[in-house]
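Structure, as structure tokens:
The figures that follow rest on heavy atoms only: side chains count, while hydrogens, waters and symmetry mates do not. Since this is a predicted model, take the numbers as computed values, not measurements. Letters go in sequence order (proteins before strands), and every chain restarts at 1.
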Amino acid sequence: MPRLRFAPSPTGYLHVGGARTALFNWLYARRHGGVFVLRIEDTDVERSQAEMVTGILDGLRWLGIDWDEGPEIGGPHAPYYQSQRLDRYRAAARQLLDSGQAFEDGGAIRFKVPPGKTSFADSVHGPIEFDNEHIESFVILRSDTHPTYHLSVVVDDIDMAITHVVRGDDHISNTPKQVLLYQAFGKTPPAFAHVPLIMGADKQRLSKRHGATSVMEYETLGYLPEAMVNFLALLGWGTGSNDELLTKDELIQRFDLDGISGGNAVFNTEKLDWFNHQYLLKLTDNELTSRLQAQRPGAWDLGKDAAWSARVLALLRPRCKRLTDYRDQLAPFFVDPASYDADGVKKHLSAPGMAAHLAALKDAYATVAPFDEASTEQALRALADARGLKAAALIHGTRLAMTGRMVSPGIFEMLVLLGRDRVLSRLDALATHLANDPTS
RNA sequence: GUCCCCGUCGUCCAGAGGCCUAGGACGUGGCCCUUUCAAGGCUAAAACACGGGUUCGAAUCCCGUCGGGGACGCCA
């Protein structure tokens, strides 16, 4: 049975690269009915922080990546924190020292790299070989008796019976050292798969200056975890077919280490946005509403009138790619404009007589019946005609009156959803505003 | 500097010697729709880094060059 692990170091949050690595491991384990282990590599006391563990766990949970063994749930190979396994590493170092495969150097213990070549099969890159002369006699146990990364991963992967190591490309040059350790312990190394790194738009390694790199920041930005998972899965991996919109189950069914490509992948935010929009579209009104509430509790109350809410959402769905877009575009449906877009006022309301035109429209709308899309449109066009205006001029003015903005869903649909009372008061408010201070 | 990995449209992924006049998606351009912005429909442009081989035949195999990335810590 395949056993895979994700072994983050709690020196930072869960970034998108780590998230994808975790996802690949998880996908493979789920695909093959294996076990997915989560292990915390906190042997660097100086840099590890307990809060970071929580952050990483939250990130995984948000993405829906669950672990079979690890923090909070334990398992047959507990503990899953390296800081709690120190005795194991010390014993392992002792063992290598006793067998003459390691030596002391100024209080630390170094591995004695034998001459020859070290090679391993990589599921992504094929066979890779290093000449041992390029491998220094690396430290395995520091003078403070804490293990270094190389020793602890190997000891733990052996202890935890890990069969597949799927990790970032940047570990390729570490691998021969670890293979050497497996050999020193008389063990067979696991299968390795080194996945290419994720780069920013400038092809440089993803870092803070590229914007959001923590997966949880993407939640804040209004992305759906299922969109993130789909997008991340396809960064550096292809299904072999042209399908791209894949559910988690479909990803599991199709995932394969062979399909991982060898070159670095650029994180393309436009495509993430597209995925997110697609997943947002799949949500039912109820689901969407609860996601919005979860994102910002109490923001707008969409629960009051289901039929009305459904119509509002239908108007916004094609226009919102992220949950945060809803937060923004929902506003006009709940609150009167606090101000009017300055460019909009200048462009659409500066013509003389606009206040009077809007007042006239208000009068027309006070009596138009029924107050539906067809009638409100007909009334507006008739009024524009009568006053020698282009309908568009009145429409833009009305949009400003209703939303304060230059951009909104179709105005007649909005009028109906706002209801006659609010339409009249908002028209009145803008007309008054213009009459008092036409330049602002 | 040394070692390692990688090199197909702007980006992600197909392509594992003939099916390729290189396919899909995102993005981009144009047209349609239209009260703005989106969405939608139609449509277009866009790539095998370069040079040598091998072969009847190469995007696919080999070598070199160039380019990009990574690693060289008592960090992980």
Side-chain angles (χ1 to χ4, degrees), chain A residues 7-12 18 41-44 46-48 82 105-110 122 124-126 128-131 133-136 138-153 167-177 194 196-199 201 203-205 231 234-245 258-259 261-275 277-278 281 315-321 325 329 344 347-348 377 380-381 384 390-400 403 405-414:
Chain A
S9 167
T11 52
E41 310 223 323
D42 54 353
T43 53
D44 185 342
E46 300 292 308
R47 304 201 308 155
S48 295
Q82 292 193 327
D105 172 42
I109 298 177
R110 286 179 185 275
D122 190 289
V124 176
H125 300 287
I128 297 178
E129 184 181 79
F130 287 80
D131 194 318
E133 71 179 48
H134 295 300
I135 305 172
E136 49 144 12
F138 54 96
V139 170
I140 54 176
L141 203 70
R142 300 179 233 187
S143 47
D144 67 0
T145 75
H146 278 78
T148 61
Y149 166 69
H150 298 298
L151 211 222
S152 58
V153 255
R167 69 212 325 186
D169 232 348
D170 51 339
H171 283 290
I172 289 183
S173 50
N174 290 327
T175 308
K177 294 178 185 172
H194 288 97
L197 269 20
I198 297 178
M199 317 300 263
K203 304 275 185 78
Q204 293 303 113
R205 203 169 171 169
F231 171 71
L234 262 24
L235 258 195
W237 174 67
T239 59
S241 79
N242 284 331
D243 311 331
E244 300 213 307
L245 222 42
D258 297 340
S261 57
N264 294 336
V266 172
F267 190 95
N268 184 308
T269 308
E270 282 75 38
K271 190 150 189 180
L272 205 212
D273 282 342
W274 179 80
F275 271 111
H277 193 202
Q278 298 307 308
L281 256 20
L315 237 37
L316 298 192
R317 279 178 183 272
R319 284 164 244 266
C320 295
K321 295 189 168 180
D325 293 334
Q329 295 192 33
K347 187 169 180 185
H348 300 300
E377 177 162 6
L380 181 143
R381 287 185 189 281
K390 282 187 175 173
L394 221 39
I395 286 171
H396 292 308
T398 306
R399 171 169 293 112
L400 256 336
T403 67
R405 311 174 187 189
M406 293 174 78
V407 169
S408 82
I411 194 63
F412 301 109
E413 288 131 307
M414 286 201 70

In the structure shown, which nucleotide is the Watson-Crick or G-U wobble counterpart of [N], with both distances under 3.5 Å?
N: B/C3; result: B/G70
N: B/G64; result: B/C50
N: B/A25; result: B/U11
N: B/G40; result: B/C32

Whole-Å gap separating [atom2] ([N]) and [atom1] ([X]):
X: A/Asp144; N: B/C74; atom1: CG; atom2: P; result: 12 Å
X: A/Arg399; N: B/C37; atom1: CZ; atom2: C1'; result: 8 Å
X: A/Ile140; N: B/A76; atom1: CD1; atom2: C1'; result: 17 Å
X: A/Asp105; N: B/C74; atom1: CG; atom2: C1'; result: 9 Å
X: A/Leu281; N: B/A38; atom1: CG; atom2: C1'; result: 12 Å
X: A/Ile411; N: B/A38; atom1: CD1; atom2: C1'; result: 15 Å
X: A/His277; N: B/G40; atom1: NE2; atom2: C1'; result: 11 Å
X: A/His150; N: B/A76; atom1: NE2; atom2: C1'; result: 9 Å

With heavy atoms under 4.0 Å as the rule, sort [X] into base, sugar-phosphate or nothing.
X: A/Ala108; result: base
X: A/Gly259; result: sugar-phosphate
X: A/Thr148; result: sugar-phosphate
X: A/Phe231; result: nothing
X: A/Gly236; result: sugar-phosphate
X: A/Pro409; result: base

Check nucleotides 43-47 of chain B against the protein and report each pair of N or O atoms closer than 3.5 Å, with its distance, or say if there are none.
none

When you measure from the side-chain N and O atoms of [X] to the phosphate of [N], is any distance below 4.0 Å, counting only OP1 and OP2?
X: A/Arg167; N: B/A76; result: no
X: A/Arg381; N: B/U35; result: yes
X: A/Arg110; N: B/C74; result: yes
X: A/His125; N: B/C6; result: yes
X: A/Ser261; N: B/C13; result: yes
X: A/Arg47; N: B/G73; result: no
X: A/Thr239; N: B/C13; result: no

Salt-bridge present ([X], [Y]; N to O < 4.0 Å):
X: A/Asp105; Y: A/Arg110; result: yes
X: A/Asp42; Y: A/Arg47; result: no
X: A/Lys271; Y: A/Glu244; result: yes

Practice prompt. Report the relative orientation of the aromatic rings in A/Phe267 and A/Phe231; use parallel for angles under 30°, tilted for 30 to 60°, perpendicular for over 60°.
Written response: perpendicular
Can you check the distance between [N] and [M], where both ends of the measurement are the [atom1] atom (answer in whole Å)?
N: B/C20; M: B/U60; atom1: C1'; result: 11 Å
N: B/A47; M: B/U11; atom1: P; result: 12 Å
N: B/C6; M: B/G10; atom1: P; result: 22 Å
N: B/G68; M: B/C50; atom1: C1'; result: 15 Å
N: B/A45; M: B/U28; atom1: C1'; result: 9 Å
N: B/U65; M: B/A59; atom1: P; result: 23 Å

Between the protein and nucleotides 26-32 of chain B, are there any N/O to N/O pairs under 3.5 Å, and if so, what are the atom names and distances?
unit_1	atom_1	unit_2	atom_2	d
B/C26	OP1	A/Trp274	NE1	3.4
B/C26	O2'	A/Lys271	N	3.2

Item to complete: If a protein heavy atom is under 4.0 Å from the base, mark B; if only from the sugar-phosphate, S; if neither, -; do that for nucleotides 61-71 of chain B going 5' to 3'.
Response: --------SSS
Item to complete: State which of B/A76, B/C74, B/A38 makes the closest approach to the side chain of A/Asp44.
Response: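 Of the candidates, B/A76 comes closest.
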Worksheet entry | Selection from B/C5, B/U36, B/C75 that lies nearest to any side-chain heavy atom of A/Ile128 |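 Of the options given, the side chain of A/Ile128 lies nearest B/C5.
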Item to complete: Not counting sequence neighbours, which residues clear side chain to side chain contact (heavy atoms under 4.5 Å, CB included) with A/Asp258? List them please.
Response: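 Partners of A/Asp258 under the side chain to side chain contact (heavy atoms under 4.5 Å, CB included) test: A/Asp256.
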Discussion item. Suppose we screen for side-chain hydrogen bond (donor to acceptor under 3.5 Å, both in side chains). Which residues come up paired with A/Ser152, at least two apart in sequence or across chains?
Written reply: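 In terms of side-chain hydrogen bond (donor to acceptor under 3.5 Å, both in side chains), with neighbours along the sequence ignored, A/Ser152 is linked to A/Gln82.
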Pull out every protein N or O sitting under 3.5 Å from an N or O of nucleotides 15-23 of chain B, one pair per line with the distance.
none

